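What follows is one structure encoded as structure tokens, with my remarks underneath.
Quick caveat: nothing in here was measured; it's all calculated off a predicted structure. Along the sequence shown, residues carry numbers from 1.
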Amino acid sequence: MKKLIKRICAFLLVFSMGFAGLSLYGCNRNGNGEKIDPSKTQIYVAVYNGGYGSTWLQNAKVRFEEAFKEKSYESGKKGAQIIITPYPDRSICSTSLYNNIDLNPNEMFFTETIPYQEFVAGGKFLDITKAVTTPLTEFGEDESIEDKMFPYHIDNFKTDGKYYAMPYYEAFHGIIYDVDMFEDELFYFAKDKNNGNGGFIFDLEDERSYGPDGKTGVIDGVDYSADDGLPATYEEFYQLCERMKEQGIDPITWSGGNPSEVTKTMSALHADYEGAEQMMLNLTFDGTATDLVDTVDSNGNITLQSPVEITEKNGYMLQRQAGKYYALDFFDTIIEREYYADLTFNTSQSNTGAQEEYLYSKFSSKKTPIAMLVDGSYWENEASGIFTDMVNGGYGQAAAKENRRFALMPYPKATEEKLAQQTSPVFMDINYSTILVSSKIAEFKIPLAEDLLRFLHTDKELCEYTVATNTPKPYKYDLGEEYLSRMTYYGRSLYAMHSSGNIIYPSSNSPVFYKNFNNLTPEFRPWVTTIDKSTYNVPITGLRANGVDAKAYFDGLMNARGKDYWEKNIIVNL
């Protein structure tokens, strides 16, 4: 009999391995080897183990289980046990989860790229309205989770007065720069552009330019000095890159194997140029487009159309937004002038490979130093193992994450005219991150799922997550000096951007958008172009092709996703 049990256990172990780490009930252990405590009630939680990993959740698990050790969720048992399964692949993301959630043994999911309305319509999510809207009084707080949410998330996740999911993380894309290198090499612009040093500072005591926000110092309690000396326009960014090359430094790199990092950064530049109102037209298809391009001449000068009323019938017109052209031109110039590092276009170089190249370049005598990296705001947490390897590999504490200073560069403005408008910067929260509870969860476990959701969104746990990942949660909360002091320089800079409130969430309840989610998410499909019968799905690939410049790529957007495509592939789904 014992041999039979061992054989069954062995079979289940092999079976579990074949299903990418899915938790299995059997042999008193889950798929990760954690022993099941029969005296407690288990809840099975899946987390996409991407940029933010699962360490933050493992830490929270310990605190939750201790806090609720005396609460009973089912007869004869006391306390809860959170069984966590990290997923290294995307099998719990997007439509893969939709198609398999009924068979997945997990009951709660921390995931991304979720077409929310589609899942809700399919009955896949549990109604968690009570957990989200009830004040967190049991934790000594007066606010509810909803009170901490930003308006754009409420608009997206509140459907007919109910919540079936909530946002998980906050992420931006852009250009990360090495603050220490910028100071060592004096890569900051001076206030006096005619100072005899090419417009750059002579030493760190020099007065710097005001950066893209056009302001400096503390005004009405807001510190505007963080971007002082950084490039205010695209032209200044190119000038900075030239300075770097003169000093034997490669300006920038990114993952050649995952060029979507550049596409998402283009979308970020697009959003910052357009501003929240114009950018959201790409999601609501309801309003007046004010900067659609009529023509682009051979010198890159644009002529605008008259304002156009956008509806579901002519949403394709937004392919001509000026911000898209300028974002393409920005990276086209980087490519044309070869401002990138040697491995930037290496298709075998992953995200972490690019991070490794970037981090090691400053310390290795065999590498050319690299000043900037195109990546998501989660990159530093994702690269944690690289920092550790560098410390243990002979570079010492100088290479440790807590001792290096990085920041996400405020987006420079495309033109002097745009700079003069002094519009607030816009950061686009990407990846459609989502926390959800499967509607198939047993009824007696619903209170446990609600308790866990509420616990994780107390002010304390929001702060603990932020410290663990060095990135903010998409909620309103105050870290305070106690938590800020535990974060890296980079993490503190992200929190400052988060606190500015200039964030948009690229989603809407418009049927045009949610019924065409995979075709209209602004960081992917709207960048497909067709030029002389050649189609490019990724802008950075197209821009590197012979004869394809920003103008050609931009004009080709309407060829690929213009009126004909819109009528045959978008409107037909309404």
Side-chain angles (χ1 to χ4, degrees), residues 173 175 233-235 237-238 241 251-252 254-256 258-274 278-279 282 289 291-305 308 314-340 344-345 347 374 411-415 417-418 519-570:
H173 263 72
I175 298 171
T233 63
Y234 289 4
E235 283 299 328
F237 184 86
Y238 309 146
C241 289
I252 201 164
W254 57 75
S255 168
N258 190 8
S260 66
E261 303 296 344
V262 176
T263 308
K264 291 178 181 180
T265 299
M266 284 186 181
S267 293
L269 293 173
H270 174 203
D272 186 58
Y273 182 94
E274 299 296 337
Q278 289 295 301
M279 189 63 188
N282 292 276
D291 68 345
L292 300 185
V293 174
D294 184 23
T295 59
V296 182
D297 70 19
S298 58
N299 295 317
N301 300 310
I302 66 172
T303 302
L304 296 180
Q305 303 178 32
V308 175
N314 67 349
Y316 61 88
M317 295 288 291
L318 295 168
Q319 291 285 62
R320 300 293 291 179
Q321 279 188 321
K324 297 193 81 166
Y325 169 73
Y326 283 117
L328 287 162
D329 189 54
F330 179 78
F331 277 96
D332 186 29
T333 302
I334 289 174
I335 294 170
E336 180 185 355
R337 300 183 186 179
E338 298 184 350
Y339 290 148
Y340 52 88
T344 300
F345 285 97
T347 56
V374 176
Y411 306 125
K413 303 304 179 183
T415 64
E417 179 184 8
K418 204 68 177 175
N519 279 326
L520 294 180
T521 47
E523 67 270 28
F524 291 119
R525 296 300 182 191
W527 291 98
V528 177
T529 195
T530 299
I531 306 165
D532 296 331
K533 298 183 180 180
S534 295
T535 296
Y536 300 97
N537 294 312
V538 181
I540 205 69
T541 303
L543 292 173
R544 200 165 182 240
N546 290 332
V548 178
D549 59 10
K551 170 179 164 52
Y553 199 103
F554 180 71
D555 288 339
L557 293 173
M558 285 291 265
N559 296 334
R561 294 289 188 268
K563 182 179 180 180
D564 186 60
Y565 178 88
W566 190 265
E567 292 177 348
K568 293 180 179 179
N569 296 278
I570 304 298

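- Residues I252 and T344 share a closest heavy-atom pair of O-OG1, 3.8 Å.
- Atom CG in L557 sits 12.0 Å away from atom CG in L318 (nearest 0.5 Å).
- Paired with F554 under the rule ring pair (Phe, Tyr, Trp, His ring centres under 6.0 Å), one option of Y325, Y536, F331, Y326 passes, and it is Y325.
- Atom CH2 in W254 sits 9.5 Å away from atom OG1 in T265 (nearest 0.5 Å).
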- Message: The test is side-chain contact (heavy atoms from CB on, under 4.5 Å); show your working for D555 and R320 and say whether it passes.
- Response: CA-CA 8 Å; D555 288 339; R320 300 293 291 179; 3.0 Å; yes

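- The shortest heavy-atom contact between M266 and A327 is O-CB, 3.5 Å.
- Separating the CG atom in L292 from the CD atom in Q278 is a distance of 8.0 Å, to the nearest 0.5 Å.
- Residues W566 and G315 approach most closely at CZ2-CA, 3.6 Å, considering heavy atoms.
- Considering all non-hydrogen atoms of both residues, K551 and D297 come closest at CD-O, 4.0 Å.
- Panel note: side chain T530, backbone N559; no donor-acceptor pair is recorded below 3.5 Å.
- The aromatic rings of F237 and F330 sit tilted relative to each other, their planes meeting at an angle between 30° and 60°.
- Between Y565 and Y316, the distance separating the two ring centers is not shorter than 6.0 angstrom.
- L328 has its side chain within reach of P539: a pair of non-hydrogen atoms, C-beta onward, lies under 4.5 Å apart.
- With rounding to the nearest 0.5 angstrom, the CD1 atom of I335 is 11.0 Å from the CG atom of D549.
- In this structure, a donor-acceptor pair under 3.5 Å is absent between the side chains of E274 and N282.
- Defined by atom type and a distance below 3.5 Å, a donor-acceptor pair is present between the side-chain atoms of S260 and N258.
- Using a 4.0 Å cut-off between charged side-chain N and carboxylate O, D332 and R337 make no salt bridge.
- The side chain to side chain contact (heavy atoms under 4.5 Å, CB included) test with I302 singles out one residue from D291, D329, V293, and that residue is V293.
- Under a cutoff of 6.0 Å and an axis angle of 45°, K264 and W527 do not form a cation-pi pair.
- Closest heavy-atom contact between A322 and L304: CB-CD2, 4.5 Å.
- In summary, D272 and K413 engage in a salt bridge, as defined by a charged side-chain N under 4.0 Å from a carboxylate O.
- By the neighbour-count criterion of 12 heavy atoms within 6.0 Å, atom CG of D532 is sparsely surrounded, having that number or fewer from other residues, nucleotides or ligands.
- Taking all atoms of both residues into account, the shortest heavy-atom contact from G556 to I531 is CA-CG1, 4.5 Å.
- Taken to the nearest 0.5 Å, the NE2 atom of H270 stands 4.0 Å off from the CD atom of Q321.
- Annotation: ring-ring contact (aromatic ring centres under 6.0 Å, His included) contacts of H173 (sequence neighbours excluded): Y378.
- Note that CD of E336 is 9.5 Å distant from OH of Y238, once rounded to the nearest 0.5 Å.
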